[in-house]
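Working notes, structure below.
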Amino acid sequence: MKKEIKITVPKDYSAVNLKKYLRIQKDLDDYKDDEQAQDAFLLYNLCGITPAVARKLDNDTVTSIKKDLYELLNKQDYELTKLITIDGVEYGFEPNLSEMAYGAYLDISKSEAITIDKNWGKTLSILYRKVTKKQGALYEIEPYNSKHILDEKKWLDVNMDFHFGCFFFFTRTYKDLMNAILKSSREEALKEETLSPHIKQILVTSGEVISQLQSSHEKTLRNLKK
């Protein structure tokens with residue numbers, strides 16, 4: 001007697017939170033030389049299909065699932081969400097990046113590159129802070145304090161459509177932000193000629209990481225087309 005199995009394939013990243021995404025990325029990296037293992041991790045983490053169940057599926061079903069996953073993991077049309085409520089607290093994205101506190105900029109720059117990894121929660125805690133005043137579409141948020149980055153774990157349960165929207169927006173404007181700071185500030189420490197080689201390298205790397213992430217899913221899942 002055949003047993004019916006219900007398989008749900010996510011259509012977008014609203015079904016995947018940051019915690020699961022980081023776990024998947026770690027698994028894929030740990031087994032980067034084993035495409036079969038990578039397929040198994042994706043089927044299990046995204047669709048709940050165990051290796052034992054996968055072996056029982058017919059080829060057409062597996063091909064259809066892989067096609068849907070390939071489309072999901074190459075989806076890039078995510079928009080920035082400026083306001084988000086977590087555990088009853090509303091947080092707002094930095095309203096004016098060109099006037100972002102230099103301390104906030106420096107704390108973001110401590111990372112080797114701006115990307116969605118284990119440090120991403122810290123970056124979000126810098127960019128999104130508690131809303132203190134709101135009127136229509138306008139809002140104000142708390143002044144930046146380095147203690148904000150200690151509250152990074154709250155982002156783990158937020159879905160990836162939100163994270164990608166913020167990531168693509170912020171990295172595309174990161175270099176522009178630095179240029180604006182250099183032009184508007186009178187502080188000697190911010191003059192371009194005095195920037196440390198480390199910060200300059202971060203700017204270059206963060207600009208490159210956008211295209212790297214956009215193509216990473218395709219590289220990781222190139223065998224799904226087969």
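The pair Arg23-Asp27 fails the salt-bridge criterion, with no side-chain N (NZ, NE, NH1 or NH2) lying under 4.0 Å from an Asp/Glu carboxylate O. Under 4.0 Å is where a charged nitrogen must lie from a carboxylate oxygen, and between Asp39 and Lys66 at least one such pair does.
Using the six-membered ring where Trp is involved, Tyr13 and Tyr21 have ring planes that are perpendicular, over 60° apart on the 30 and 60° scheme. Classification of the Phe167-Trp120 ring pair by plane angle, with boundaries at 30° and 60°, yields perpendicular. Using cut-offs of 30° and 60° on the angle between ring planes, the pair Phe41 and Tyr31 is tilted. Ring orientation note: the planes of Phe93 and Phe169 are nearly perpendicular, at an angle over 60° on the 30°/60° scale. Ring planes of Tyr91 and Trp155: tilted class, angle from 30 to 60°.
Under a hydrophobic clustering in which Ile, Leu, Val, Met, Phe, Trp and Tyr are joined whenever their side-chain heavy atoms come within less than 4.5 Å, directly or via other members, Met100 and Tyr144 fall into the same cluster. A single hydrophobic cluster is seen to contain both Leu127 and Phe168, as judged by linkage of ILVMFWY side chains at heavy-atom distances under 4.5 Å, directly or through other members. No chain of hydrophobic side-chain contacts below 4.5 Å, direct or via other Ile, Leu, Val, Met, Phe, Trp or Tyr residues, connects Tyr44 to Ile7.
Panel note: side chain Asn159, backbone Asp161; no donor-acceptor pair is recorded below 3.5 Å. At least one donor-acceptor pair under 3.5 Å links the side chain of Lys20 to the backbone N or O of Asn45.
For the salt bridge (charged side-chain N to carboxylate O under 4.0 Å, His left out) with Arg129, the lone residue among Glu94, Glu140, Glu142 that qualifies is Glu94.
Residues Ile116 and Leu18 have side chains in contact (heavy-atom distance under 4.5 Å, counting atoms from C-beta outward). Lys11 is listed as a side-chain neighbour of Asp68, based on a closest heavy-atom distance under 4.5 Å.
Remark: Asp29 CG to Gln38 CD distance equals 9.0 Å, nearest 0.5 Å. Summarising the geometry, atom OG belonging to Ser125 is positioned 8.5 Å from atom NE2 belonging to His148; distances are rounded to the nearest 0.5 Å. A distance of 9.5 Å separates CG of Leu124 from CD1 of Ile108, quoted to the nearest 0.5 Å. Note that CG of Leu150 and NZ of Lys122 are 8.5 Å apart. Values are rounded to the nearest 0.5 Å. Atom OH in Tyr139 sits 9.5 Å away from atom CD in Glu90 (nearest 0.5 Å). The CZ atom of Phe162 lies 7.5 Å from the CG atom of Leu80; values are rounded to the nearest 0.5 Å.
Contact between Val131 and Lys134 at its shortest, heavy atoms only, is CG1-CB, 4.2 Å. The shortest non-hydrogen separation linking Leu156 to Leu22 is CD2-CD1, 4.3 Å. The shortest heavy-atom contact between Ala104 and Ile126 is CB-CG2, 3.6 Å.
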Leu43 and Leu69: CA distance, side-chain angles, deciding distance, side chain to side chain contact (heavy atoms under 4.5 Å, CB included) verdict: CA-CA 9 Å; Leu43 291 173; Leu69 286 180; 3.9 Å; yes

Throw together a table of side-chain donor-acceptor distances under 3.5 angstrom for residues 46-57, partners on residues two or more places apart or in other chains.
residue	atom	partner	partner atom	Å
Thr50	OG1	Val53	N	3.3

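Around the NZ atom of Lys154, the shell of radius 6.0 Å holds more than 12 heavy atoms that belong to other residues, nucleotides or ligands.
At a cut-off of 3.5 Å, with distance as the only test, a side-chain donor of Asp12 or Ser14 sits close to an acceptor on the other residue.
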